[in-house]
Amino acid sequence: MTSILRHLSSATSSRRVINKFDSFLLLHYHTNSLKSNHTLKHYLESGEPIKALLNFKQRYRESPRFIDSFSVLFAIKASSSAHKGHSFMGQQIHALVRKLGFHSIIQIQTSLVGFYSTAGDISSARQVFDETPEKQNVVLWTAMITAYAENDKSVQALEMFRQMEAERIELDEVIVTVALSACADLGAVQMGERIYSQSIKRKRRLGMDLTLRNSLLNMYVKAGDVEKARRVFDETVRKDVTTYTSMIVGYALNGQAQESLELFKKMKRQDSSVSPNDVTFIGVLMACSHGGLVEEGKRHFRSMVEDYNLKPREAHFGCMVDLLCRSGRLKDAHEFINQMPVKPNAVIWRTLLSACSLQGNVELGEEAQRRIFELDSDHVGDYVALSNIYAAKGMWDEKVKMRDRVRKRREPGKSWIEMGNNIAEFVSGGGDDDGKLMVGEISEVLRSLVTSGAFTVAVTGVVASRAA
DNA sequence: TTAGGGTTAG
């Protein structure tokens, strides 16, 4: 059977090859596979991937002959959407793919890349990509580039995007969307603009794609360029909830609380086709937090639950804690944390800790630090924060203890900067003695040096001394 | 006669 597949896969039209292969199977097995595959598909669509996996496993044990490429594909999909604990199952299915010779079927390979990406196993994803015999396919490349982007490797994602362009694979709206998202992650606006303008020059319709435009808008938001973001927003005729949300978050992040809340109001008033979702409310709560609007924030929080039937998640509770902390109501924040229906995570305690650091509240600060430590996710910054509280209170012995713990735990940071058409990556030696010079600041320093024309100084001076 | 890839937050 494997040899038949190999023979078939060497033909030029892969779609026809696969159909031929399936009719070959169906000739023997009739509707059995089809019916069972529909069952698998049904489980997937109704959000029951575990049931799909069990069904697949049972079928494979009882009548392996009824397993065709469709069954395997659905099983891979199920492994991706099932919880992380099932990644072993996915690996077994991958072994089965090899055994059955399905690795030349592009849909299977693409789906496997996605599976490994979800599992956070980027090197296996790349292996699947490399092992795919026919790579002149934009969907396969998109899956791999998305895998890099999803796993915090945007530099590699853009490198691969460039490679793809060199291979002259035709771009479509999906791959451009992903590329822009990677640019957004790195703050590489110039590169994103180049990618966008070149792609709409080649295909005008790409500029009309809503998801792609949302990605472009988001890139400007991430880079803090609210004006350009607003231009994209205004030029987007039919907007969806993501368009509004990105802009609302954009204003909130850049300190324009009023504009953010105005837009939210306008969205509810004018655009009846769009209803806010949980992410929209994160933006709204962020705006209230930055604008110091405690009562308005509380009102939106209630409205989210009562008017829109949305269940607040950790992020929303986090925003509320942030809101209370920023306005100096540390006790209220502490009370709010204790009354939360979900277990507070480290991020929430950290919000309280840094507020305590700003206001010099030793007692609450120590509690927050203890909680973070219990959750086993303490960062260098936590010790810095507490050490600052002690310093402000003149508690020098305690401060020194904290500083020693900082010294032991320094980790290198990374930062990126655009250099014409390139993105350079720098690895710093960690923070300074107080752990204060963090990645963002290094990046800021570099950027200002480059824009002021002191480019060489930035690379040989600041970076070299930090990278040692 | 059922197949593969996308945006927002965290």
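So you know, we letter chains A, B, ... as the sequences are listed, proteins then strands, and number each from 1.
- Residue contacts shown for A:K35 are absent, as no nucleic acid heavy atom lies under 4.0 Å away.
- Note: A:F281 and A:F264 have perpendicular aromatic rings, judged against thresholds of 30 and 60 degrees for the angle between ring planes.
- Residue-level contact check: A:D209 touches the bases, meaning some heavy atom is under 4.0 Å from a base atom.
- In this structure, A:H316 contributes its side chain and A:D278 its backbone to a donor-acceptor pair below 3.5 Å.
- Among the protein residues, A:Q109 comes within range of no part of the nucleic acid, since none of its heavy atoms lies under 4.0 Å from any strand.
- Considering only the side chain of A:T142, B:dG5 comes nearest among B:dG5, B:dT7, B:dG4.
- Note on A:N214: every side-chain N or O is 4.0 Å or more away from OP1 and OP2 of B:dT8.
- Every pair passing ring pair (Phe, Tyr, Trp, His ring centres under 6.0 Å) that includes a residue from residues 136-159 of chain A is listed here, sequence neighbours excluded: A:F129-A:W141.
- Contact annotation: A:S181 reaches the phosphate of B:dT8 (side-chain N/O to OP1 or OP2, under 4.0 Å).
- A heavy-atom distance below 4.0 Å to DNA chain B is reached by these residues of residues 312-323 of chain A, ordered by number: A:R313, A:A315.
- Aromatic rings from A:Y43 and A:F74 are positioned such that their centres are separated by 6.0 Å or more.
- Here A:D278 lies out of heavy-atom contact (under 4.0 Å) with every strand.
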